[in-house]
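Report on the following structure.
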Amino acid sequence: MRLRQLEIALQGLDGFPAPRPALEQYTTPAPLAARLLFLAAGHGEIEGRTVLDLGSGTGVLACGAALLGAASVTGVEADAGAIAVAEANAERLGVDVEWVEGDVGDLPEPVRSRVYDTVVMNPPFGAQVRHADRPFVDAAIAHGRTIYSLFNGGTLPFLARYIAGRGEVLETVSARLALPHSMGHHRKETVEIPVECVRIRSLVV
Ligand code: SAH
């Protein structure tokens, strides 16, 4: 599947019906989701691999990984309402994803005792709850060999320090993310923020 085909497939999926700001719920825009997934696919880390999506939301990254031929895809998400949307999205695309309701900071079985080839995620950036991204980074490094994640552009030096000894940043690709006005506290229609697609190797699994 080509990048543009993946974008179009993901573009048609449903997003959060009523985004909850405290959970930093926003759907990764299809072009950005496709870029993150193609970065991983280009390294041979999607097709035939076991993939874990942390904070899978309405399932854009998980469904995209499945479309690109992952051997298995698991999505962990705290919000049951988001999982219901994700299930419908996966069904519409005809892909198979295992959805697990749970907290990334306290992973339920069977995810808790598994290691995955690849983790993909768009974690909370910590705009609402300080350091809300940390449980995501911790879980990703503990359960994935290679991690592909979006981060707020400015936070890379902190990330490198936070994961020192546990993970290693291999590559970063700059992008921009338009946050929609659905996040009620934003006054403008959309805010564009610089983000980084980051490839991390776990040093602990
Ligand atoms: N991966 C989706 C959603 C990103 S938004 C996408 O790319 O479109 C971040 C998601 O993480 C939201 O769905 C939110 O409900 C979820 N989330 C936030 N904190 C969480 C936690 N501690 N455990 C599990 N999910 C969490």
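Both counts, for ligands and for their atoms, begin at 1 and track the order of listing.
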Taking atom types as modelled, is there a side-chain donor on [X] or [Y] under 3.5 Å from an acceptor on the other?
X	Y	answer
Glu77	Ser56	no
Thr74	Glu98	yes
Tyr162	Asp133	no

Checking side-chain contact (heavy atoms from CB on, under 4.5 Å) for the pair Val198/Leu156: CA distance, chi angles, key distance, verdict? CA-CA 9 Å; Val198 184; Leu156 283 187; 3.6 Å; yes
Does any N or O of ligand 1 fall below 3.5 Å from an N or O anywhere on [X], backbone included?
X	answer
Gln25	yes
Glu77	yes
Leu61	no
Asp103	yes
Val104	yes
Asp79	no

Ligand 1 contacted by [X] (non-hydrogen, < 4.0 Å):
X	result
Gly15	no
Ser56	yes
Thr58	no

Have a look at ligand 1 and work out which part of [X], if any, has a heavy atom under 4.0 Å from it: side chain, backbone, both or neither.
X	result
Ala78	both
Phe16	side chain
Glu24	backbone

Heavy atom of the protein closest to [atom] (residue, atom name, distance):
atom	value
atom 10 (C) of ligand 1	Gly55 O, 3.4 Å
atom 7 (O) of ligand 1	Thr28 OG1, 2.5 Å
atom 17 (N) of ligand 1	Phe136 CZ, 3.8 Å

Given Val137 and Phe151, is the side-chain contact (heavy atoms from CB on, under 4.5 Å) satisfied, shown in steps? CA-CA 10 Å; Val137 173; Phe151 289 103; 3.8 Å; yes
Taking only heavy atoms of [X] into account, list the atoms of ligand 1 that are under 4.0 Å away from them.
X	answer
Leu23	14 (C), 15 (O), 18 (C), 19 (N)
Tyr26	3 (C), 4 (C), 5 (S), 8 (O)
Thr27	8 (O)
Gly102	23 (N), 24 (C)

Tell me, please, whether Tyr116 has Arg49 positioned over its six-membered ring: NZ or CZ under 6.0 Å from the ring centre and within 45 degrees of its axis? no
Hey, does the side chain of [X] reach the backbone of [Y] with a donor-acceptor pair shorter than 3.5 angstrom?
X	Y	result
Gln25	Arg20	yes
Gln5	Arg2	yes
Ser202	Ile141	yes
Asp117	Thr146	no

Let me confirm one number: the CD1-CD distance from Ile147 to Glu45, rounded to the nearest 0.5 Å. 9.5 Å
In this structure, CD1 of Ile83 is separated from CH2 of Trp99 (nearest 0.5 Å) by 8.0 Å
